[in-house]
Amino acid sequence: MKVFIISLPDSRQRRLSAIANIRRSGLPFEIVDGVEARRMRPDALPVREGKWGQSLRPEEVGCYYAHLRALQRIVDYDLPWGCVLEDDFCYEEDPDVGLAEIANVLPGEFDYIGIFRTLGINPKHERLASKGPYWRVCEPELLATGYLAHRRFAEHILKHHPVCEMPIDHLYAQLSHDGVFYELKRPIVAIAPNLGSDIHDAEE
């Protein structure tokens with residue numbers, strides 16, 4: 001499994017924390033530079049208003065395109081799937097399966113697997129069925145600190161959603177109605193409480 005860690009270039013503390021954490025797993029990883037959309041003029045933000053129903057903040061736009069960069073690497077490297085983490089992740093203390101072992105217990109066909117602690121902020125979040133260490137879900141939770149994305153799913157987003165119309169986790173929730181989405185019953189990662197986040201702080 002290959003891990004792609006999204007990190008803003010000037011977020012040194014979060015980047016170093018993420019690198020130290022992922023090295024504990026022994027997994028190969030790459031840093032995907034975040035997009036500093038907040039440095040752009042508001043009228044220059046690459047967005048398409050309408051579907052979201054409200055104005056997008058620069059941080060949400062930057063987050064969107066950073067995730068697209070990570071998905072593009074899954075496609076470019078012709079990986080069957082990849083893991084995307086944000087740089088403010090930390091490990092949960094007692095998961096059923098570790099990050100380095102999850103490849104051995106995948107649920108079969110999937111588009112997206114959430115591996116993060118849910119915060120209960122998506123009222124539409126629904127667990128449909130149990131499958132081993134996973135729940136099959138519709139409307140996955142928001143503020144996705146870490147997830148697995150299948151190459152097929154990445155290709156679909158890059159082809160059909162190349163322009164930001166809504167925050168990336170809301171797009172995932174929308175796409176779950178026609179896809180195969182799971183979440184771990186006992187998550188592997190959570191948001192580190194002591195780092196802060198240019199992405200999550202902007203969305204909460």
Side-chain angles (χ1 to χ4, degrees), residues 1-36 38 57 59-60 62-71 73-74 79 81-107 110 112-122 125 127 132-135 137 139-149 167-170 172-173 181-204:
M1 178 172 73
K2 185 112 178 183
V3 178
F4 301 97
I5 300 174
I6 295 171
S7 179
L8 288 168
D10 60 356
S11 297
R12 180 170 175 78
Q13 182 184 8
R14 288 194 293 273
R15 181 169 291 200
L16 290 176
S17 172
I19 290 173
N21 278 331
I22 199 61
R23 281 178 173 164
R24 287 167 51 194
S25 74
L27 292 168
F29 70 93
E30 286 187 19
I31 299 295
V32 178
D33 281 341
V35 178
E36 291 277 17
R38 62 185 173 183
R57 292 188 290 273
E59 293 86 355
E60 293 170 326
C63 176
Y64 188 95
Y65 288 110
H67 280 265
L68 259 60
R69 285 180 174 179
L71 297 177
R73 293 197 188 183
I74 293 172
L79 301 175
W81 51 274
C83 177
V84 179
L85 295 172
E86 293 181 355
D87 63 359
D88 57 347
F89 84 93
C90 64
Y91 291 115
E92 291 281 19
E93 290 187 3
D94 190 27
D96 286 333
V97 59
L99 193 60
E101 293 77 43
I102 195 170
N104 300 322
V105 293
L106 292 178
F110 71 91
Y112 168 104
I113 301 174
I115 63 171
F116 61 99
R117 184 197 305 172
T118 61
L119 300 177
I121 60 175
N122 183 0
H125 175 61
R127 290 171 174 168
Y134 301 97
W135 290 107
V137 297
E139 292 272 352
E141 274 292 2
L142 307 178
L143 302 184
T145 312
Y147 58 90
L148 309 184
I168 191 69
D169 47 1
H170 288 265
Y172 292 164
F181 279 54
Y182 290 93
E183 67 181 29
L184 279 170
K185 295 176 181 177
R186 296 177 65 87
I188 296 173
V189 300
I191 299 172
N194 60 335
L195 292 178
S197 171
D198 289 336
I199 295 173
H200 292 307
D201 290 347
E203 293 185 7
E204 292 176 348

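- Between the OG atom in S11 and the CG atom in L16 there is a gap of 10.5 Å [rounded to 0.5 Å].
- Shortest non-hydrogen contact noted between F116 and L142 is CE1-O, 3.6 Å.
- Between P107 and I113, some side-chain heavy-atom pair lies under the 4.5 Å cut-off.
- For residues 26-35, every residue pair satisfying the salt bridge (Lys or Arg N to Asp or Glu O under 4.0 Å) rule, not counting sequence neighbours, is listed here: K2-E30, R15-D33, E30-R73.
- Annotation: side chain of C83 is not in contact with side chain of I102 (no heavy-atom distance under 4.5 Å).
- Residues meeting the side chain to side chain contact (heavy atoms under 4.5 Å, CB included) test with E92, sequence neighbours left out: R117, P187, A190.
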*I115/L85 under side chain to side chain contact (heavy atoms under 4.5 Å, CB included): CA gap, chis, key distance, verdict*: CA-CA 10 Å; I115 63 171; L85 295 172; 4.2 Å; yes

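- Taking the side chain as every heavy atom from C-beta outward, D87 and I31 never approach each other to under 4.5 Å.
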*Under the side chain to side chain contact (heavy atoms under 4.5 Å, CB included) criterion, do F110 and Y134 qualify, and how do the steps go?*
CA-CA 11 Å; F110 71 91; Y134 301 97; over 6 Å; no

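- With sequence neighbours left out, R23 forms a side chain to side chain contact (heavy atoms under 4.5 Å, CB included) with I19, F29.
- Partners of R69 according to the salt bridge (charged side-chain N to carboxylate O under 4.0 Å, His left out) rule, which considers only residues two or more places apart in sequence or in another chain, do not exist here.
- Side chain of E141 to backbone of G120: a donor-acceptor contact under 3.5 angstrom is found.
- Nearest heavy-atom pair, F89 versus T145, reported as atom, atom and distance to 0.1 Å: CB-CG2, 3.6 Å.
- The CZ atom of R127 sits 14.5 Å away from the CD atom of E139 when rounded to the nearest 0.5 Å.
- Relative orientation of the Y147 and H67 rings is parallel, given thresholds of 30° and 60° on the angle between their planes.
- Annotation: the span from N21 atom CG to I5 atom CD1 amounts to 8.5 Å, rounded to 0.5 Å.
- Considering every non-hydrogen atom in both N122 and A173, the closest pair reads ND2-CB, 4.3 Å.
- Heavy-atom minimum distance, I6 versus A66: CG2-CB, 3.6 Å.
- Legend: residues meeting side chain to side chain contact (heavy atoms under 4.5 Å, CB included) with L27, ordered by chain and number and at least two apart, are M1, V3, S25, L99, A100.
- Looking at heavy atoms from C-beta onward, F4 lies out of side-chain contact with L71 at the 4.5 angstrom threshold.
- Every residue two or more places apart in sequence or in another chain that forms a side chain to side chain contact (heavy atoms under 4.5 Å, CB included) with R186 is listed here: D94, D96.
- Minimum interatomic distance between I22 and Y91 (heavy atoms only, all atoms of both residues): CA-OH, 3.6 Å.
- Shortest non-hydrogen contact noted between L106 and A103 is CG-O, 3.8 Å.
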